[in-house]
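Counting starts at 1 for both ligands and their atoms, in listed order.
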Amino acid sequence: MKLALHPEALDTWPQPTPQAPWRALVSGCLLGWHCGVDGSDNGMGQALAAMLRLPTLQLVPFCPEDHALGTPRGTPDLHGGDGLAVLAGTARARDEHGADVTDAMLAGAAAMVAVARAAQVQFAILTDMSAACGSQVISDGSRFAQPRRYQRGVGVATARLLQHGIPVVSQRDHATLGRLRARLEPGFLPDPNALDHHRHPWVVANLPEPRG
Ligand code: SF4
């Protein structure tokens, strides 16, 4: 389940406390891990800093690409579909040099699920646009292609997490993250104008939802 599509699910979870916090799997780069393809944190280390410091949230960081491919590494992107299509065998992951890294991406995804299940996380907060961690929008083919193309869809690790019933939200799902933080921090007032990534005007204009 993508939490941004079903944010009401958050209202059914027990109130978190410092003694009984919610447990969340988190993309390592969102916690400042230098696990990006170039050894940086993808500029993500402070993206959700205030929320990720709350005592009502226990974090389980992981990077599926670093786990399977090491850092630095080539830049994987998905060709022929999204992460669900990779799991179905109808799409592949390749780096910018054309090397097929599908097996490594699947191994990283499996390891991420194993970590998530061992820690009994309730949900995952993952970095969108990644061929592993993306959950709303990812590249359609190599991100270095000109013009760059995008697709609505999930990364390979996200696809596996969803298959195992672990809800996912991205760092760009601002409306749902606000609702989530209000549960974690009673008294926090979410921005009523915040939008989730799939409702961002650029996404709506450029990546129309499939009909039917
Ligand atoms: S695979 Fe996920 S955790 Fe690792 S750098 Fe990419 S977005 Fe961050």
Side-chain angles (χ1 to χ4, degrees), residues 2-4 23-49 51-52 57-79 82-84 86-87 91-97 99-119 121 123-144 148 150-164 166-174 177 196-198:
K2 294 186 190 182
L3 278 175
R23 288 182 302 280
L25 178 71
V26 182
S27 292
C29 54
L30 285 174
L31 275 182
W33 281 16
H34 288 210
C35 54
V37 293
D38 59 357
S40 76
D41 67 356
N42 294 325
M44 290 292 154
Q46 295 300 310
L48 301 177
M51 191 177 81
L52 298 184
L57 189 60
Q58 183 179 321
L59 303 175
V60 181
F62 192 77
C63 174
E65 291 184 13
D66 175 69
H67 177 86
L69 290 160
T71 302
R73 58 185 173 277
T75 303
D77 280 307
L78 304 186
H79 298 249
D82 75 344
L84 292 167
V86 171
L87 298 191
R92 306 295 292 179
R94 294 193 182 88
D95 71 14
E96 69 271 40
H97 309 296
D100 192 313
V101 293
T102 306
D103 289 347
M105 293 292 279
L106 289 169
M112 196 175 206
V113 168
V115 166
R117 296 185 69 172
V121 304
F123 66 104
I125 306 172
L126 304 183
T127 304
D128 210 6
M129 305 299 298
S130 157
C133 294
S135 60
Q136 294 270 40
V137 176
I138 59 173
S139 277
D140 180 5
S142 173
R143 69 191 66 193
F144 299 110
R148 182 176 180 181
Y150 298 87
Q151 59 178 320
R152 288 185 189 242
V154 301
V156 180
T158 299
R160 271 285 189 243
L161 290 164
L162 294 175
Q163 266 192 346
H164 284 80
I166 298 171
V168 173
V169 64
S170 91
Q171 93 287 5
R172 289 183 172 172
D173 292 329
H174 301 295
L177 289 172
D196 288 329
H197 199 186
H198 66 288

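The protein atom (non-hydrogen) at minimum distance from atom 3 (S) of ligand 1 is Gly28 N, 3.5 Å. Among protein heavy atoms, the minimum distance from atom 6 (Fe) of ligand 1 is reached at Ser130 OG, 3.8 Å. What sits closest to atom 8 (Fe) of ligand 1 on the protein, heavy atoms only, is Cys29 SG, 2.3 Å.
Of all atoms in ligand 1, numbered sequentially from 1 with element shown, those under 4.0 Å from a heavy atom of Cys63 are 1 (S), 3 (S), 4 (Fe), 5 (S). Applying the 4.0 Å criterion to heavy atoms of Arg73 picks out, from ligand 1, the atoms 5 (S). Below 4.0 Å from some heavy atom of Asn42 lie the following atoms of ligand 1, by number and element: 5 (S), 8 (Fe). In summary, the atoms of ligand 1 found under 4.0 Å from a heavy atom of Gly36, numbered by their order in the structure, are 5 (S). With ligand atoms numbered from 1 in the order given, ligand 1 contributes 4 (Fe), 5 (S) to contacts under 4.0 Å with heavy atoms of Cys35.
Side-chain atoms of Thr102 come within 3.5 Å of backbone atoms of Ala93 as a donor-acceptor pair (strictly under, hydrogens ignored).
In this structure, CG in Leu177 is found 9.0 Å from CG in Leu3, a value given to the nearest 0.5 Å. Taken from CZ in Arg160 to CE in Met105, the straight-line distance is 12.5 Å, to the nearest 0.5 Å. Here the CG-OG distance, from Asp82 to Ser139, works out to 12.5 Å after rounding to the nearest 0.5 Å. Rounding to the nearest 0.5 Å places CG of Leu30 at 11.0 Å from CD of Gln46.
Environment of CZ in Arg148: crowded, with over 12 heavy atoms of neighbouring residues, nucleotides or ligands closer than 6.0 Å. Atom CD of Glu96 is surrounded by more than 12 heavy atoms from other residues, nucleotides or ligands within 6.0 Å.
Residue contacts with ligand 1 for Phe62 involve N, CA, C or O but no side-chain atom from C-beta outward (heavy atoms, distance under 4.0 Å).
Residue contacts to atom 8 (Fe) of ligand 1: Cys133 brings no N, O or S atom closer than 2.8 Å.
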